[in-house]
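The chain is numbered in sequence order, starting from 1. Predicted, not measured: the structure shown is a model, and the values here were computed from it.
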Amino acid sequence: MFTIEEISEKVNRIRKENGFPLVPFVIDEIRYDKEGDKLFIIGRDRSDKSAIIGNSFVIGKLREELGVKQVTVYSKLDLLIKQKKLEKNLERIRGTFLEFLEPIIQAEFKFPPRKWPEIKADEKALVFLSFNAKAMIGFAEKLGLKTEKIGIKYTFPKISYEPIDGSLRELFYPDEEKLKDIAKERGINLVIADFPFDLKFIEDVALLNPLRFLHIGFFEAKYFFGFEKPVRIDKDAMIDFVVDMVAEGLMESTDGANLIWWAWKK
């Protein structure tokens with residue numbers, strides 16, 4: 001439906017007509033998801049991706065011209081990094097009770113677009129409402145997990161959960177030992193939260209950050225699962241968290257700057 005040549009010509013024309021400098025870029029592939037009316041542009045590397053996006057203005061104009069619901073740009077480099085992490089994590093779960101995650105990993109190998117199979121996992125999960133609370137809950141729901149949701153008091157008033165005591169820093173850097181102990185007390189072997197790692201086993205309890213485990217960025221998670229800002233935060237912890245996410249390619253610098261600015265105004 002769409003060709004690399006057509007998209008390249010339109011991007012260059014939009015840049016020229018709106019005062020953006022003409023910079024060279026390479027598009028490796030175009031993918032169109034007819035079901036979701038979404039166009040995915042895959043640039044050669046991150047500089048190509050930046051040139052195509054054009055500070056969000058260029059890509060917004062391109063979406064209007066093409067008349068599609070959504071246009072998203074990825075770099076081939078980022079997708080290759082994702083593939084490597086998926087390969088590693090697929091091996092890590094084999095032979096464990098987390099093997100039910102394999103169909104999701106296999107689906108992510110084909111991303112974009114994102115098409116997850118329907119799964120009804122016969123497992124329970126303790127979901128800790130950390131910064132990406134909606135994504136943590138949404139991930140568990142997509143897998144059909146039986147969940148118990150807990151979180152720091154007065155942080156997510158729009159979400160139903162069991163409040164517990166804790167510092168606001170735990171929204172960004174969850175307390176591994178505390179959550180492991182709570183899970184063990186309840187006979188639960190899986191904890192889902194915004195851990196600063198993808199997967200760790202402590203005393204037969206799996207601590208899982210699905211966004212890092214599947215290498216799903218903040219932008220993708222926001223549109224796939226939704227996003228709810230916490231009403232109380234630790235500003236310093238949030239800055240550290242955002243910087244870590246941007247450095248690992250899991251958050252766009254623009255999103256990070258907007259989140260830090262929002263936090264600093266609170």
Nearest-0.5 Å distance, [atom1] of residue [X] to [atom2] of residue [Y]:
X	Y	atom1	atom2	answer
Leu171	Ile152	CG	CD1	6.5 Å
Phe40	Gln70	CZ	CD	6.0 Å
Glu170	Leu179	CD	CG	7.5 Å
His215	Leu79	NE2	CG	8.5 Å
Glu203	Lys184	CD	NZ	4.0 Å
Leu86	Ile81	CG	CD1	12.0 Å

Find out if a path of hydrophobic residues (ILVMFWY) with successive side-chain heavy-atom gaps under 4.5 Å connects [X] to [Y].
X	Y	answer
Val243	Trp262	yes
Leu168	Ile239	yes
Leu62	Phe57	yes
Val58	Ile30	yes
Ile42	Leu66	no

Does [X], at its [atom1] atom, have more than 12 non-hydrogen atoms belonging to other residues, nucleotides or ligands within less than 6.0 Å?
X	atom1	value
Phe197	CZ	yes
Lys16	NZ	no
Phe201	CZ	yes
Asp204	CG	no
Glu118	CD	no

Please report the C-alpha distance between Leu143 and Leu101 in whole Å, then the side-chain angles of each, then the deciding distance to 0.1 Å, and finally whether the side chain to side chain contact (heavy atoms under 4.5 Å, CB included) criterion is met. CA-CA 8 Å; Leu143 271 66; Leu101 292 171; 3.2 Å; yes
Answer yes or no: is there a donor N or O on one side and an acceptor on the other, between the side chain of [X] and the main chain of [Y], under 3.5 Å?
X	Y	value
Glu99	Gly95	yes
Arg232	Thr155	no
Asp33	Lys38	no
Thr96	Ile93	yes
Glu185	Ile182	no

Considering non-hydrogen atoms only, spot the tightest contact between [X] and [Y] and give its length.
X	Y	answer
Ile164	Phe128	CD1-CE1, 4.2 Å
Arg212	Leu250	CG-CD1, 3.9 Å
Phe156	Leu129	CE1-O, 3.4 Å
Ser8	Ile27	OG-CD1, 3.5 Å
Ala51	Phe25	CB-CB, 4.0 Å
Ile233	Ala263	CD1-CB, 3.3 Å

Would you mind checking if [Y] and [X] are paired as a salt bridge, meaning a charged N to carboxylate O distance below 4.0 Å?
X	Y	result
Glu17	Lys61	no
Glu252	Lys222	no
Glu108	Arg114	yes
Lys180	Glu176	no
Asp122	Lys146	yes

The ring pair (Phe, Tyr, Trp, His ring centres under 6.0 Å) partner of Phe218 among Phe227, Phe224, Phe225 is Phe227
Do Arg92 and Asn89 meet the criterion of a side-chain donor-acceptor pair at a distance under 3.5 Å? yes
Answer yes if the side chains of Tyr32 and Asp37 hold a donor-acceptor pair under 3.5 Å, and no otherwise. yes
Less than 4.5 Å apart, side chain to side chain, heavy atoms only: is that true for [X] and [Y]?
X	Y	answer
Phe131	Pro230	yes
Ile104	Lys142	no
Lys82	Asp78	no
Val26	Asp45	no
Pro112	Thr72	no
Leu126	Val205	no
Lys235	Trp264	yes
Lys124	Leu190	no

Pairwise ring pair (Phe, Tyr, Trp, His ring centres under 6.0 Å) hits with a residue in residues 73-106, at least two apart: Tyr74-Phe111
Step by step, would you call Glu9 with Thr3 a side chain to side chain contact (heavy atoms under 4.5 Å, CB included)? CA-CA 10 Å; Glu9 185 278 327; Thr3 66; over 6 Å; no
Considering residues at least two apart in sequence or located in another chain, which fulfil the side-chain contact (heavy atoms from CB on, under 4.5 Å) criterion with Ala140? Val127, Leu145, Thr147, Ile192
Measure the acute angle between the ring planes of Trp116 and Phe139, then classify it against the limits of 30° and 60° as parallel, tilted or perpendicular. perpendicular
For Lys153 and Asp165, what are the C-alpha separation, side-chain angles and deciding distance, and is it a side chain to side chain contact (heavy atoms under 4.5 Å, CB included)? CA-CA 6 Å; Lys153 292 179 178 178; Asp165 292 322; 3.1 Å; yes
Show your reasoning for whether side chain to side chain contact (heavy atoms under 4.5 Å, CB included) applies to Phe172 and Val242. CA-CA 9 Å; Phe172 307 97; Val242 167; over 6 Å; no
